[in-house]
Undergrad: 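One structure coming up, written as structure tokens, with questions to follow.
Per chain, numbering begins at 1; letters A, B, ... match sequence-line order. Any value given below was found using the heavy atoms of this structure, including those in side chains, with hydrogens, waters and symmetry copies removed. Small disclaimer: the values here were computed from a predicted structure and weren't measured.
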There are 2 protein chains.
Amino acid sequence: MLYNFSNPQNEATLSDGSATQKTYLALRKMIVIGDLKPGEKLKIEGLRQRLGTGASPIREALSLLTSDNLVERIDQRGFRVSLTSRKNFEEILMLRCELEDIALRQSLANRTQDWEEQVVVSHHRMVRAQVGGDAAFEDLHKAFHMALLGCCDAPILLKFCSQLYDLNIRYRYLASGAMNYKQRDVSHEHQNIMDAVIAGDGDTASAELLSHFRHTGAFLAGLIPQQG
Amino acid sequence: MLYNFSNPQNEATLSDGSATQKTYLALRKMIVIGDLKPGEKLKIEGLRQRLGTGASPIREALSLLTSDNLVERIDQRGFRVSLTSRKNFEEILMLRCELEDIALRQSLANRTQDWEEQVVVSHHRMVRAQVGGDAAFEDLHKAFHMALLGCCDAPILLKFCSQLYDLNIRYRYLASGAMNYKQRDVSHEHQNIMDAVIAGDGDTASAELLSHFRHTGAFLAGLIPQQG
DNA sequence: TTACGGCATAATATCGATTTTTTTGTCGCG
DNA sequence: CGCGACAAAAAAATCGATATTATGCCGTAA
């Protein structure tokens, strides 16, 4: 399996093709899609061989992933994939509702024509990938959600939202693989959000977005294995 | 000047006396108190000599600080201290108001006797240090604020709050050194917050806390140098 | 004079090896 | 039979050196 994808969260800070960058992206994807399981020990030597790079980039990538709450650093005992639990999932859901509500309203307050077009385009791309069963759907889904917040002029808040998105998506994969998502028809939810956004109706847009989160959340909560 | 202090934000993940841990704490303090200025380039070799350690721990500590939004990583051009601006300050203030409001209410909802005592004790320690001019005041001030949130059972949210606290305190130092803070009498504000918290009155406690933030914010905003 | 390109310098990023710490397994003693 | 200490193994953390990349300077040409 290949682990060289796009969708860099730290694009602003890691935009080159360095070994650290590639390692960071690869490891993040491996964790998000569940190839590296929650609680699994991340041995430097093993990863070094698996990813064909030195120990330094691995170590540095793991440090960065620690910031994303996807990896935990333990004393002098190395790294492990962050644990999952029902409680953790619910916190992520709660925070997404709170933070994206703020970000969406700010984005709407600052909206521009260019931004509206970005929203429409990102939505279209997502829909196209969804009906086509494109593997890039996940990336485009995130792109759509982040596009909604595009005019929110609060970088730290957006970083939090991005982080929380990735933490959340991980549960989708853990629940039963990515495709499970499609069992639930979210198209109209996305459409409703976009309609309200384009109309500039913050209250409705936020309500639709949170409803979308909570429906997905309730759907996923029942599928979370063991723990919590 | 010495840079070996306590107040570890990543205490849960970096609790040993490793070189990385010490370097992380030292650098964080240096940035927060303004010894390393916003935008300043962080050359590995220079820090290596200044902190008496190898390049690896430096590099790893800088990666961790990137997660705290105190350091920026640039392409293949190394690290630099995060920039400051009026806009950045206002975002931090806004986010603190939003997030601590949530966290405080949750903390109150889960309150226990033991927690109430922790709040009282941490407040007392802070007051004692304040009147005594103790250098540890800053740490105790943070401890008090975090103690208020102690029963909020949402680790990610608490991590965000802790991060934002550190980002905010940096502006206090930048404005005119730490002691400036004392020009404003915040004792009664802290007292009001605590009283409401002990009374279990979430609305009042939150209102007092946010008022505290905003007063300090308005006070500091006028002192922020150049930029933004 | 200014813009461009190449060369020297400096700094970063990465590697390989060493040191330190943790973990594991075993043996002897109670 | 269980427990603790010790030794061996594994792993993490760190170091020193090398390779790679950016930066600044200078000369040349338009």
Undergrad: Any side-chain N or O of A:Arg77 under 4.0 Å from OP1/OP2 of C:dT23?
TA: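 Answer is yes, contact under 4.0 Å.
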Undergrad: Is the phosphate of C:dT21, meaning OP1 or OP2, less than 4.0 Å from a side-chain N or O of B:Ser18?
TA: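 For C:dT21, OP1/OP2 do not have a side-chain N/O of B:Ser18 under 4.0 Å.
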Undergrad: Send over the distance from B:Glu60 CD to C:dT14 C1', rounded to a whole Å.
TA: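 So the two atoms are 14 Å apart, to the nearest Å.
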Undergrad: Any chance the rings of B:His145 and B:His212 have centres within less than 6.0 Å?
TA: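 Here the rings of B:His212 and B:His145 have centres that are less than 6.0 Å from each other.
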Undergrad: Please report the distance, rounded to the nearest Å, between CZ in B:Arg48 and C1' in D:dA17.
TA: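 Whole-Å distance recorded here is 12 Å.
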Undergrad: Side chain of A:Pro57: nearest nucleotide among C:dT22, D:dC15, C:dT14?
TA: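 Of the options given, the side chain of A:Pro57 lies nearest C:dT14.
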Undergrad: Could you please name the option among C:dA11, C:dC15, C:dT21 that lies closest to any side-chain atom of B:Lys43?
TA: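 Nearest nucleotide to the side chain: C:dA11.
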Undergrad: Whole Å only: how far is the CD atom of A:Glu45 from the P atom of D:dA10?
TA: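 The distance from CD of A:Glu45 to P of D:dA10 comes to 12 Å, rounded to the nearest Å.
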Undergrad: Salt bridge or not for B:Glu138 and B:Lys142, using N-O below 4.0 Å?
TA: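 Salt bridge between B:Glu138 and B:Lys142, a charged N being under 4.0 Å from a carboxylate O: no.
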Undergrad: Which part of the nucleic acid, if any, lies within contact of B:Leu62, taking any heavy atom under 4.0 Å across all strands shown: a base, the sugar-phosphate backbone alone, or nothing?
TA: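 Counting heavy atoms under 4.0 Å across all strands, no contact is made by B:Leu62.
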Undergrad: Tell me which nucleotide among C:dC15, D:dC15, D:dA22 gets nearest to the side chain of A:Ser56.
TA: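 Of all the options, the side chain of A:Ser56 is nearest to C:dC15.
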Undergrad: Please walk me through it: do A:Asp68 and A:Asp166 pass side chain to side chain contact (heavy atoms under 4.5 Å, CB included)?
TA: CA-CA 9 Å; A:Asp68 299 338; A:Asp166 288 336; over 6 Å; no
Undergrad: Grab the CD-C1' distance between B:Gln76 and D:dA19 for me, whole Å please.
TA: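 For the pair B:Gln76 CD and D:dA19 C1', the rounded distance is 12 Å.
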Undergrad: Under 4.0 Å between any heavy atoms, over every strand shown, what does B:Ile58 touch: base, sugar-phosphate, or nothing? Just pick one.
TA: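 If one applies the 4.0 Å heavy-atom cut-off, B:Ile58 turns out to touch nothing in the nucleic acid.
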Undergrad: Taking CD1 from B:Ile74 and P from C:dA11, how many angstroms apart are they, rounded to a whole number?
TA: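 Going from B:Ile74 (CD1) to C:dA11 (P), I get 14 Å.
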Undergrad: Report the C-alpha distance between A:Lys87 and A:Glu91 in whole Å, list the side-chain angles of each, state the deciding distance to 0.1 Å, and finish with yes or no for salt bridge (charged side-chain N to carboxylate O under 4.0 Å, His left out).
TA: CA-CA 6 Å; A:Lys87 180 165 145 324; A:Glu91 185 189 358; 5.5 Å; no
Undergrad: Taking for each residue the nucleotide of DNA chain C with the nearest heavy atom, is it A:Gly52 or B:Ile44 whose nucleotide lies nearer the 5' end?
TA: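 Its nucleotide being nearer the 5' end, the pick is B:Ile44.
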Undergrad: Should B:Asp139 and B:Lys29 count as an ion pair when the cut-off is N to O under 4.0 Å?
TA: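 A salt bridge is present here (some side-chain N lies under 4.0 Å from a carboxylate O).
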Undergrad: How many whole angstroms separate atom CG of B:Leu42 from atom C1' of C:dT12?
TA: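 Taking atom C1' of C:dT12 as the reference, CG of B:Leu42 is at 13 Å.
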Undergrad: Looking at the side chain of A:Thr53, which of D:dT21, C:dT22, C:dC15 is the nearest nucleotide?
TA: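 Nucleotide nearest to A:Thr53's side chain: C:dC15.
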Undergrad: Expressed as a whole number of angstroms, how long is the span from A:Gln49:CD to C:dG16:P?
TA: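 Roughly 12 Å, once rounded to whole Å.
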Undergrad: Could you tell me whether the phosphate oxygens of C:dT12, OP1 or OP2, come under 4.0 Å of any side-chain nitrogen or oxygen in B:Lys41?
TA: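 Yes, B:Lys41 has a side-chain N/O under 4.0 Å of OP1/OP2 on C:dT12.
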Undergrad: In whole angstrom, what separates A:Leu47's CG from C:dC15's P?
TA: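 It is 14 Å, rounded to the nearest whole Å.
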